[in-house]
Amino acid sequence: MTQLEQDLADRLYLDHAATTPILAQARAAVAQGMEHWANPSSPHAQGRAARAALEDARRRIAAAYGWPHETLLTGGASESIQMALGRSMAARRIITSVEHDSVLRHGEGAAVLPVDAGGIVDLDALRAALATPGRALVCVQWANSETGVRQPIAAIAEIVHAADAILMVDAAQMPARADDAVIRHADLVVVSAHKRGGPPGVGALLVRDFGMLLPMGGQEKGYRAGTENLPGALGFAAALAVPEDLPRMVRLRAGLEAAIVAGGGEVVGADSPRTPLIGAYRMPGVSAAAQLIRFDMAGIAVSAGSACSSGSMRPSHVLSAMGWSEPELREVVRVSFGRGTSEREVGAFLDHWRTIAAEAKARAA
């Protein structure tokens, strides 16, 4: 092991919502796929064997989520989002004000729904938006990638389907079989391998009915062009087979948040339903940038918002939509858990959080 590898191994990783470490089972499956690689679209024996392996991976991915309909393998969540927003058989798009940056980019021109202070979409605004003529595609996140706040998928679906609209759910942060409402009610579901312990560069768009999408030719039953990523699909399927202990995460996060509140901090969306894997916390008087530097120097990886936007350190559009104003919204960091997160890691983060917060209070006194 090199010195750099040793240094990284000694660090604590609490940024699983950005990406989570690739599981050993997924690495082994990817290696197997590379060992027996052939183009799954080739007609010869090697190609047919690769096709059989690809279709088996597709079936296992769908089964892991409990999805009984169609599954398109893609290059990741961003491509799945682009495909769903750009090629769904709808005349217009409706998104929420707290969607991931990828949705905001590809949903340019969409009607934007407000959320309340807890980050929950305004259902009356949704009804009003759907009253406009023309079939709509409505896109919502299963859980916000910055705050962890979960949307009421069943209630949203009832409104959407009553208007003969299409419901798309960005479920990149959703563990397998974590929410039956998504599987029962969504028409299009975006999922991602690297958020669940699989390799980067592969994801899926779960499709209830191919009649909802405009085909483009090429592979994936005519809905995506490009050689299929067999090693990636195998790694994705293998990762989903490894359970995620959500009750343990609930306990870990509950303890962390009780301590943060006791120390004068604030939990974003505390009264809203949230995934146990993501929490966002404000430390009054200390900017997120300063916090990130201190935590990084202490060997702890956390973030300020989603990975696609946190590097710019621009104000969070999610917190702004929830009614947060400056400088408070610039004092929030995100902590996100994964399969390997331990009480020791959470405790170490909390120790440093208390230290930084105490120093800020002393300066303000």
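Clustering of Ile, Leu, Val, Met, Phe, Trp and Tyr by side-chain heavy atoms under 4.5 Å joins M34 with V30. Cluster partners of L23 are V242, counting Ile, Leu, Val, Met, Phe, Trp and Tyr whose side-chain heavy atoms approach within less than 4.5 Å, directly or via other members. Using a 4.5 Å cut-off between side-chain heavy atoms of Ile, Leu, Val, Met, Phe, Trp and Tyr, I120 falls into a hydrophobic cluster with V149. With a 4.5 Å cut-off between side-chain heavy atoms of Ile, Leu, Val, Met, Phe, Trp and Tyr, the cluster of M297 takes in I293.
When atom types are taken as modelled, the side chain of R92 and the backbone of G134 share a donor-acceptor pair closer than 3.5 angstrom. With hydrogens and angles ignored, the 3.5 Å screen pairs no side-chain donor or acceptor of R294 with any backbone N or O of H352. When atom types are taken as modelled, the side chain of Q141 and the backbone of E99 share no donor-acceptor pair closer than 3.5 angstrom. Side chain of R87 to main chain of L214: a donor-acceptor pair is present (N/O by atom type, distance under 3.5 Å, no hydrogens or angles). Formation of a donor-acceptor pair under 3.5 Å by the S42 side chain with backbone atoms of H44 is not found in this model. Side-chain atoms of S272 come within 3.5 Å of backbone atoms of G118 as a donor-acceptor pair (strictly under, hydrogens ignored).
Smallest separation of non-hydrogen atoms from A77 and A172: CB-CB, 4.2 Å. Across P199 and I22, no two heavy atoms sit closer than the pair CA-CD1, 4.0 Å. Considering every non-hydrogen atom in both L277 and M249, the closest pair reads CD2-CG, 3.6 Å. Scanning both residues, L54 and P40, for their nearest heavy atoms gives CD2-CB, 4.1 Å. Across all their heavy atoms, A233 and A57 have their closest contact at O-CB, 3.7 Å. Taking every heavy atom of both residues into account, L350 and A259 meet most closely at CD2-CB, 3.2 Å.
Atom CG in L240 sits 9.5 Å away from atom CZ in R60 (nearest 0.5 Å). From L234, atom CG reaches atom CG of N229 across 9.0 Å, with rounding to the nearest 0.5 Å. Q291 CD to R330 CZ: the interatomic distance, rounded to the nearest 0.5 Å, is 13.5 Å. To the nearest 0.5 Å, atoms CG (L137) and CE (M212) are separated by 9.5 Å. One finds the NE2 atom of H161 at 3.5 Å from the CG atom of D187 (value rounded to the nearest 0.5 Å). Of the inter-residue distances, the one linking H100 atom NE2 with H106 atom NE2 reads 10.0 Å to the nearest 0.5 angstrom.
Sequence neighbours left out, the pairs with a member in residues 210-242 that pass ring-ring contact (aromatic ring centres under 6.0 Å, His included) are F210-Y223. Contacts classified as salt bridge (charged side-chain N to carboxylate O under 4.0 Å, His left out) and involving residues 118-132 (residues at least two apart or in different chains) are given here: D124-R127. Listed by first and then second residue, the salt bridge (charged side-chain N to carboxylate O under 4.0 Å, His left out) pairs that reach into residues 155-170 are R135-D164, sequence neighbours excluded. Applying the salt bridge (charged side-chain N to carboxylate O under 4.0 Å, His left out) rule to pairs touching residues 222-244 yields R51-E228, E79-R224, R196-E244, E244-R339, sequence neighbours excluded.
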TODO: Evaluate the criterion side-chain contact (heavy atoms from CB on, under 4.5 Å) for residue pair W324 and V268; output intermediate values, then yes/no.
DONE: CA-CA 10 Å; W324 288 60; V268 178; 3.7 Å; yes

TODO: Could you go through the side-chain contact (heavy atoms from CB on, under 4.5 Å) check for V98 and V121 one step at a time?
DONE: CA-CA 9 Å; V98 294; V121 65; over 6 Å; no

Open item on the list: Could you walk me through whether R105 and I81 satisfy the side-chain contact (heavy atoms from CB on, under 4.5 Å) test, starting with their C-alpha distance in whole Å, then the side-chain angles of each, then the deciding distance to 0.1 Å, before giving a yes or no?
Closed with: CA-CA 10 Å; R105 287 196 303 272; I81 287 168; over 6 Å; no

Task: side-chain contact (heavy atoms from CB on, under 4.5 Å) between T147 and L319, intermediate numbers included - done: CA-CA 9 Å; T147 66; L319 296 180; 4.2 Å; yes

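Counted within 6.0 Å of CD on E326, heavy atoms from surrounding residues, nucleotides or ligands total more than 12; the atom is thus considered enclosed. In E359, the CD atom is crowded: over 12 heavy atoms of neighbouring residues, nucleotides or ligands sit closer than 6.0 Å. Annotation for D271: atom CG does not count as buried by contact number, only 12 or fewer foreign heavy atoms lying within 6.0 Å.
In this structure T19 satisfies the side-chain hydrogen bond (donor to acceptor under 3.5 Å, both in side chains) test together with H194, sequence neighbours excluded. Residues satisfying the side-chain hydrogen bond (donor to acceptor under 3.5 Å, both in side chains) test with H36, not counting sequence neighbours, are none.
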Review item, side-chain donor-acceptor pairs of residues 62-70, under 3.5 Å, at least two apart:
unit_1: W67; atom_1: NE1; unit_2: E70; atom_2: O; d: 2.9
unit_1: H69; atom_1: NE2; unit_2: R208; atom_2: NH1; d: 2.9
unit_1: E70; atom_1: OE1; unit_2: K221; atom_2: NZ; d: 3.0

Distance-only criterion, 3.5 Å: show the donor-acceptor pairs between side-chain atoms of residues 279-288 and protein atoms not counting sequence neighbours.
unit_1: Y281; atom_1: OH; unit_2: E257; atom_2: OE2; d: 2.7
unit_1: R282; atom_1: NE; unit_2: E331; atom_2: OE1; d: 2.8
unit_1: R282; atom_1: NH1; unit_2: E266; atom_2: OE1; d: 3.4
unit_1: R282; atom_1: NH2; unit_2: E331; atom_2: OE1; d: 3.0
unit_1: S287; atom_1: OG; unit_2: A290; atom_2: N; d: 3.0

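R150 pairs with exactly one of N144, V140, D179, I278 by the side chain to side chain contact (heavy atoms under 4.5 Å, CB included) rule, that one being D179.
Taking 4.5 Å as the limit, some side-chain heavy atom of L292 sits within range of a side-chain heavy atom of V302. Looking at P175 and K195, their side chains never come closer than 4.5 Å, going by heavy atoms from C-beta outward. Side-chain atoms of L205 and L213, non-hydrogen and from C-beta on, do get closer than 4.5 Å to each other. Using a 4.5 Å heavy-atom cutoff, the side chains of W353 and V335 are not in contact. A 4.5 Å side-chain heavy-atom check between V138 and L130 finds at least one atom pair inside the cut-off. Residues S342 and E345 have side chains in contact (heavy-atom distance under 4.5 Å, counting atoms from C-beta outward). Residues P231 and W37 meet the side-chain proximity criterion, which asks for heavy atoms closer than 4.5 Å. Annotation: side chain of V346 is in contact with side chain of F337 (closest heavy-atom distance under 4.5 Å).
The hydrophobic cluster containing V169 does not contain M83, counting ILVMFWY residues as joined when their side-chain heavy atoms lie under 4.5 angstrom apart, directly or transitively. Criterion: ILVMFWY side-chain heavy atoms under 4.5 Å apart, direct or through other members. Under it, V112 and I159 are not part of a common hydrophobic cluster. A continuous path of hydrophobic side-chain contacts links I94 to I156 [ILVMFWY only; heavy atoms under 4.5 Å]. Put simply, L73 and M174 are part of the same group of oily side chains (I, L, V, M, F, W, Y) that touch within less than 4.5 Å, one to the next. Cluster annotation: I153 and I95 are assigned to distinct hydrophobic clusters (Ile/Leu/Val/Met/Phe/Trp/Tyr, side-chain heavy-atom contacts under 4.5 Å, transitive).
Side-chain N/O atoms of T275 and Q173 include no donor and acceptor closer than 3.5 Å.
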